[in-house]
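First up is the structure itself, then whatever we jot down about it.
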Amino acid sequence: MEERTHKPHVLIVPYPAQGHINPMLQFAKRLLPKGIKATLATTVSTFKSMHINPTTSVAIETISDGFDEGGYSESKSAEVYVESLKRVGSETLSKLIKRLGENGQPVTAVVYDGFMPWALDIAKEFGLLGMVFFTQSCAVNNIYYHVYKGLLSLPLSETSVSIPGLPVLQASETPSFIHDFGSYPGFYHMVVNQFSNIDQADWVLFNTFYKLEETVVDWLVNQWKLGTIGPTLPSFYLDKGLEDDKDYEITLFKPKTEACMSWLNDKPKNSVVYVSFGSMAEAQEEQVEELAWGLKSSNCFFLWVVRETEETKLPKDFKEEASENGLVVSWCPQLEVLTHESIGCFVTHCGLNSVLEALSLGIPMVAMPQWSDQTTNAKFVTDVWKTGIRAWSDEKGIVRREVVEMCVKEVIEGEKGKEIKENAKIWEGLAREAVGEGGSSDKAIDEFVNNVLLR
Ligand code: UDP
């Protein structure tokens, strides 16, 4: 065998959004102590808004999506964005791989986001290993895979859907791009076409863990060479095996850390409702209003993340009126918040990272899915993992204030709350076991590393 003159080098290419960068960067951090160099490639516009922890050990490089100023928000639509990301992204990823090679850092493997299958074509042009990383659950991807294969026809003609490895789902429990067929066609094509070249991928990675999605993983391993490597929370929150791995290291929004933590510090144990809809969801104004008054009338303490671009949807003077019980911030250090002993409940949009974080930290949830995969994640939270209750919307799709109030009270002080807290603790243990030494995710990471080292 030819002697290696460089460390094996993995290039990580996430879709440019917080919920994709976090898990893929964390995966990269797990590779470093195993003798692998890792570089994360993100788009120019995302790079410009990144707040990067100066001690981060993963190198960062840029590619382009064709919108170097504003990224997705500069594009006219999801269709335009996804097409441009593919076209300009392919060209600039090729140039990056070439440049890294010329600079003495040749790339061994490309780990690319499932949303960007074109990255696999580029990896193969250079004769590199290509591994796909899915930041959405196995269940959600199995639904999209069935659509891709023509095994599930759209628009849905039945009120329920049966897919191998999954519980029977009501149509509304499938991802929004499926049950609300025709909404966001650009994103619909992107999620369904994730599988266009998957048979050429050397490995298929999922940010989940075996016991969490056992039945669907057992079905999918018959399709692909699959590894479950999650949950990808920083090691400090799980196995504590990696020194100094305490946060996600890259944030696209500036967290109000001091304001949040000092506010939480004098609140009683398990008394605070933490509310966040993640980095992308855009709730209707009426929904924000109902949520606001529901939180206020619950009389619970609440810490609510309302991104700057969403703030105009808050009722006038709400922040001041509710200030006795509540704090509204534009972004927070979510992991630090969730592990604060004052937190009693998480009202979440059910983005997969938020769900995995709550599960791994034993926090009960109130599920308020907004779009995309969140509706399916909410189904699993409430009916499969049983670590949360669903805040149901009315016929207009709005969760009313009375429902918000009832749900948070039920979780903080009700009987159902006790039961789901117990389940949450069980999942916390199972998540730690998966990433701990010899656990299913730890083993899958080792297997991945061995494949790269053998190259
Ligand atoms: N997050 C955070 N601070 C906030 C809100 C969210 O750090 O105020 C993090 C959260 O911990 C998670 C990510 O942002 O890791 C959001 O990902 P998720 O999949 O939950 O939702 P998305 O933003 O993709 O809809």
Side-chain angles (χ1 to χ4, degrees), residues 14-27 29 46 49-53 72 113-115 133-137 140-141 175-177 184 187 190-191 206-208 230-234 236-238 245-261 263-264 272-283 302-311 327-340 343 346-361 363 365 367-378 380-381 388 431:
Y15 182 82
Q18 190 77 60
H20 293 244
I21 295 170
N22 285 0
M24 292 185 72
L25 178 68
Q26 283 308 124
F27 174 67
K29 280 155 72 180
T46 307
S49 28
M50 279 178 167
H51 305 269
I52 306 170
N53 187 333
Y72 176 68
D113 196 307
F115 283 7
F133 187 113
F134 286 108
T135 64
Q136 296 187 333
S137 72
V140 165
N141 279 292
S176 67
F177 306 137
Y184 300 95
F187 288 140
M190 182 174 76
V191 293
F206 278 94
N207 180 21
T208 186
T232 55
L233 277 73
F236 175 78
Y237 292 95
L238 289 167
D245 183 24
K246 292 199 167 125
D247 65 46
Y248 284 127
E249 295 191 348
I250 291 179
T251 166
L252 304 180
F253 307 85
K254 203 162 172 39
K256 307 282 186 244
T257 307
E258 173 52 30
C260 294
M261 301 322 286
W263 185 85
L264 289 175
V272 177
V273 180
Y274 169 60
V275 188
S276 166
F277 284 2
S279 64
M280 288 197 288
E282 292 171 0
F302 65 89
L303 170 60
W304 185 6
V305 176
V306 179
R307 298 190 317 275
E308 263 166 29
T309 46
E310 294 282 287
E311 215 186 297
L327 176 69
V328 178
V329 293
S330 54
W331 196 253
C332 80
Q334 184 160 301
L335 290 168
E336 268 183 73
V337 166
L338 286 176
T339 42
H340 196 280
I343 298 296
F346 181 11
V347 177
T348 173
H349 70 314
C350 293
L352 186 63
N353 294 289
S354 293
V355 166
L356 289 174
E357 289 160 13
L359 268 171
S360 308
L361 300 170
I363 310 291
M365 289 172 259
M368 267 185 77
Q370 302 295 301
W371 73 320
S372 184
D373 58 335
Q374 297 154 16
T375 29
T376 310
N377 296 342
F380 276 74
V381 165

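Computed from a predicted model, the values in this text were never measured in an experiment. As the structure lists them, so they are numbered: ligands from 1, and atoms in each ligand from 1. Index from 1, following the sequence.
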inquiry  = Are the side chains of S137 and D373 in contact, using a 4.5 Å heavy-atom criterion?
reply    = no
note = Among non-hydrogen protein atoms, atom 2 (C) of ligand 1 lies closest to W331 CZ2, 3.2 Å
key: N22-Q26 side chain donor-acceptor pair, cut-off 3.5 Å   = no
Residue G278 vicinity, atoms of ligand 1 by number, heavy atom under 4.0 Å = 23 (O)
Min heavy-atom dist S276 to ligand 1 below 4.0 Å = yes
remark   = Under 4.0 Å from one or more heavy atoms of Q18, ligand 1 contributes atoms 14 (O)
Structural part of E357 in contact with ligand 1, heavy atom criterion under 4.0 angstrom = side chain
ask   = Should Q136 and N377 be marked as a side-chain hydrogen bond (donor to acceptor under 3.5 Å, both in side chains) after you check the CA-CA gap, both sets of side-chain angles, and the distance that decides it?
value = CA-CA 9 Å; Q136 296 187 333; N377 296 342; over 6 Å; no
ask   = Does a donor on one side chain and an acceptor on the other come within less than 3.5 Å for Y274 and Q334?
value = yes
request  = Determine whether more than 12 heavy atoms belonging to other residues, nucleotides or ligands lie under 6.0 Å from atom OH of Y184.
outcome  = no
request  = Look only at the side chain of N207 and the backbone of T232, and say whether a donor-acceptor pair between them is shorter than 3.5 Å.
outcome  = yes
message = Below 30° counts as parallel, above 60° as perpendicular, anything between as tilted: where do the rings of F187 and Y72 land?
response = tilted
key: Side chain, backbone, both or neither: F277 near ligand 1, heavy atoms under 4.0 Å   = neither
key: Proximal atoms of ligand 1 relative to N22 (non-hydrogen, under 4.0 Å)   = 12 (C), 13 (C), 14 (O), 15 (O)
Residue, atom name and distance, where the atom is the protein heavy atom closest to atom 20 (O) of ligand 1 = S354 OG, 2.6 Å
key: Side chain, backbone, both or neither: the part of L352 lying under 4.0 Å from ligand 1 by heavy atom   = backbone
inquiry  = Looking only at protein heavy atoms, which one is nearest to atom 8 (O) of ligand 1, and what is the separation?
reply    = C332 N, 2.9 Å
key: Residue G351 vicinity, atoms of ligand 1 by number, heavy atom under 4.0 Å   = 18 (P), 19 (O), 20 (O), 21 (O)
request  = Could you establish whether F253 and ligand 1 come within less than 4.0 Å of each other, counting only heavy atoms on the residue side?
outcome  = no
key: Residue, atom name and distance, where the atom is the protein heavy atom closest to atom 24 (O) of ligand 1   = G19 CA, 3.6 Å
Contact atoms of ligand 1, heavy-atom distance to S279 under 4.0 Å = 22 (P), 23 (O)
query = What residue and atom, counting heavy atoms only, is the protein's closest point to atom 19 (O) of ligand 1, and at what distance?
reply = N353 ND2, 2.8 Å
ask   = Quick one: does T348's side chain have a donor or acceptor within less than 3.5 Å of a partner on C350's backbone?
value = yes
request  = Taking all non-hydrogen atoms of both residues into account, name the closest pair between I21 and M50 and its distance.
outcome  = CD1-CE, 4.0 Å
remark   = closest protein heavy atom to atom 25 (O) of ligand 1 is H349 NE2, 3.0 Å
query = Angle class for the F115/Y15 ring planes (parallel below 30°, perpendicular above 60°, tilted otherwise)?
reply = perpendicular
